[in-house]
Every structure is written in C-alpha cells, then in structure tokens.
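A quick note: this is a predicted structure, and the numbers were derived from the prediction, not measured.
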Amino acid sequence: AQQPSFLPAPVNAAVAAANNAVEKELEAVETRKRKRGSYHTYSDEVRAQIGRHAAENGNKSAVSKFATKLGHSVSESTVRSCKRLYLGKVKVVGDPTLVTELPHGTRGRCMMLGDMDEDVAKYIHALRAAGAPVSSSIVIAAARGIVSHKSKALLAEHGGSISLTKDWADSFRRRHNFVKRKATKAARKVPADFADLKLAFHKRISDVVKEHGIPTKLIINWDQTGTKLVPVNSWTLAERGSKQVAVVGKDDKREITILLAISAAGSLLPPQ
C-alpha cells in the first residue's frame, strides 16, 4: 500500500520503520477516537449546586437529581469532585450560602501537541519494541506525521502554532522518561510474515502428532547454551577509589555446551 504523502521520505531503514509504525498508530488513534464517549461541562454555578446537594443529601442523590435536571447522566466522580471543592470552599468562607460558584481550577501549561503527545509516545514505544533506533529526528518525523494526519495547518511550516524542534524533542524525551543509550546488543529481526510462519509450523507439528499418535511425553522442546567451567561474577566489593579490581577466574573463557529440554507433558529432562 502507498504510504501517506505527509510521511518523511524513507531515506534509511529507521525512517522506513518509523513510517510503517506511524501508519499503524494512526489507524489505532482513529479507532480510539471512534470509541471515545461523550463528555459534559458544567458552569461554575451548577458545580456549586451539585456540591451543595451532595454534601447535604449524599452522592447518589446528587447523581439522580442532576441527571434528571440536566437531561443527561452525571458521573459519580464528577459529584465527588464538586462535593470536595464545595466543602473546601465552605471551610474557607464559613457561610455555605456564600458558596454560589465553584470556578474551575487553573491547570498547568498545556502540552503543545495536546492529546497527540501520548499518541507519539505510544508510537516511539512501538518502535523501540521492534528494535528500531530512535533519534530526535525520528521523534520529530513521527510527531509531524501524526499532527499532519489530523491537520497540516497545525504545523508552523503551514502557518500553525506547532513548531517541532530539537528542543521540543528533548522536552518530549524528558517528559516520557526516555534517555539516550548506546546500543548493547543487536535486536532480533522478525520476518514480516512471522505470524503466518508460526501458524504453519504449529500446524505441521499438530498434523504429524495426529498422524502417528505421538504421546505428549515424546514431544520434546530443547535448546543449548554455553556454560562456563569456572563460574564467576563480574561484580564484587572493593574500597572506594580502587584503580584495579581483581577477580579470580575473570580471564577464564573455557565453556562447555549444555542442552536443556522439556516435554509437552511438562517433564524437565536431565541436562545433557
């Protein structure tokens, strides 16, 4: 399928992987939006009325009364919040009759991408789960794709207020607890048709087992691994400031291969 025009050109494997993940994430975003329910806002006066009624008659009574009065359901969490704010205001002013409004509190600084910020974070997590390298430029490219999917007019280059810079990418990284790390191992590559290959493999095994009547205790899953002749830990205790930390056996590279196996019946076989 042809990729959307707003995605960056796939100049390397990382960008190509980002583009594919963005497309899947955008589809998931649209699904979540379709499933999202309706929300209601309340004036400061109504909030005060809800809080007063809940304080005097209980939360369930307030839910029932204002659902009838307003013509739509009122969540109990809304009632609890209004009641808490109302009682707090009464405690300050002293006279309940003076509490006729419950203004909405001032919230912190809004994120530049709003709800899309979380969509970008989920996409970056998906990239890393697939083993793709992620840099600031990849974060910016992903965010640009998700924002463009909603409306290109939101981007600064199209006259909007969203400017996706390296400073923004650094802020995004800190807010979502991402840190820059050097790669420690190669990510395992999974074929594009992995799910189909897995199903075909399981079917072959199932067919052979049925055809020959093989009991579960004779269906063996095994693997082998290297085990050092001289087990040694790379960590020990040493005085603070020590220049060299010697550990016996650190330079011994000798290994033997051990085979571990388990049957489909759940029996662990002796190591070989």
Side-chain angles (χ1 to χ4, degrees), residues 25-126 139-140 142-144 146-156 158-179:
E25 179 58 26
L26 293 178
E27 293 175 1
V29 169
E30 290 301 317
T31 300
R32 289 196 297 273
K33 287 180 179 178
R34 288 193 293 269
K35 292 181 179 178
R36 184 173 293 172
S38 58
Y39 295 87
H40 303 287
T41 57
Y42 305 93
S43 67
D44 297 345
E45 293 79 9
V46 170
R47 282 157 52 84
Q49 293 170 18
I50 293 174
R52 180 183 299 112
H53 189 92
E56 296 174 352
N57 303 282
N59 294 347
K60 290 186 178 180
S61 176
V63 169
S64 176
K65 175 181 173 64
F66 285 90
T68 302
K69 181 177 180 179
L70 300 175
H72 59 72
S73 61
V74 178
S75 69
E76 190 167 350
S77 62
T78 296
V79 171
R80 287 197 302 267
S81 177
C82 292
K83 178 181 176 180
R84 176 176 52 80
L85 293 172
Y86 173 81
L87 292 176
K89 197 75 175 289
V90 169
K91 187 175 181 179
V92 172
V93 302
D95 186 356
T97 61
L98 298 178
V99 183
T100 58
E101 296 182 352
L102 288 178
H104 290 76
T106 302
R107 301 194 176 189
R109 182 180 177 184
C110 295
M111 291 179 292
M112 184 168 62
L113 299 187
D115 293 341
M116 292 181 288
D117 194 86
E118 188 62 26
D119 294 330
V120 176
K122 289 179 179 179
Y123 159 59
I124 296 300
H125 278 293
V139 173
I140 292 172
R144 181 173 288 110
I146 290 176
V147 173
S148 296
H149 180 73
K150 182 173 183 179
S151 174
K152 284 186 177 181
L154 294 172
L155 295 169
H158 295 286
S161 59
I162 295 179
S163 179
L164 299 172
T165 64
K166 187 178 184 301
D167 287 340
W168 170 82
D170 291 340
S171 173
F172 174 88
R173 172 177 56 79
R174 289 191 296 271
R175 283 185 286 105
H176 292 281
N177 201 31
F178 287 112
V179 294

| field | Ser148 OG to His158 NE2 distance, which is reported to the nearest 0.5 Å | value | 6.0 Å

| request: Measure the spacing between CE of Met116 and NZ of Lys122 and express it to the nearest 0.5 Å. | output: 14.5 Å

| Which atom names give the shortest non-hydrogen contact between Asn59 and Ala54, and what distance separates them? | OD1-CB, 3.7 Å

| For Ala121, all residues meeting side-chain contact (heavy atoms from CB on, under 4.5 Å), sequence neighbours excluded | Phe172, His176

| Rounded distance [0.5 Å steps], CG in Leu85 versus CD in Glu101 | 13.5 Å

| task | Would you confirm whether Arg52, through its side chain, and Val99, through its main-chain N or O, come within 3.5 Å as a donor-acceptor pair? | result | yes

| query | So does Arg174 pair up with Asp170, basic N to acidic O under 4.0 Å? | reply | no

| task | Measure across Ile50 and Cys82 and return the closest heavy-atom pair with its distance rounded to 0.1 Å. | result | CG2-CB, 4.0 Å

| field | Close side-chain approach of Val74 and Tyr42, heavy atoms under 4.5 Å | value | yes

| remark: Applying side-chain contact (heavy atoms from CB on, under 4.5 Å) to Lys65 and not counting sequence neighbours gives His53

| field | Exam field: side chain Ser64 to backbone Lys60, donor-acceptor pair closer than 3.5 Å | value | no

| said: Checking side-chain polar atoms at under 3.5 Å, does Asp167 have a donor or acceptor matched by the opposite partner on Thr165? | reply: no

| field | Side chain proximity check, Lys89 to Tyr86, heavy atoms < 4.5 angstrom | value | no

| field | Under the salt bridge (charged side-chain N to carboxylate O under 4.0 Å, His left out) test, residues paired with Asp117 that sit two or more places apart | value | Arg175

| query | Does the side chain of Arg173 reach to within under 4.5 Å of the side chain of Val139, using non-hydrogen atoms? | reply | no

| task | Ignoring hydrogens and angles, state whether a donor on the side chain of Ser75 or Ser77 is under 3.5 Å from an acceptor on the partner side chain. | result | yes

| query | Of the non-hydrogen atoms in Ala143 and Trp168, which two are nearest, and what is the gap between them? | reply | CB-CH2, 3.5 Å

| task | Kindly compute the distance separating CG (Leu154) from NE2 (His149), expressed to the nearest 0.5 Å. | result | 12.5 Å

| Rounded to the nearest 0.5 Å, what separation is found between the CD1 atom of Ile140 and the CG atom of Leu164? | 6.5 Å

| field | Minimal non-hydrogen separation, Ala62 against Val79, with atom names | value | CB-CG1, 3.8 Å

| remark: Here the pair of heavy atoms bringing Gly94 nearest to Pro96 is O-CD, 3.6 Å

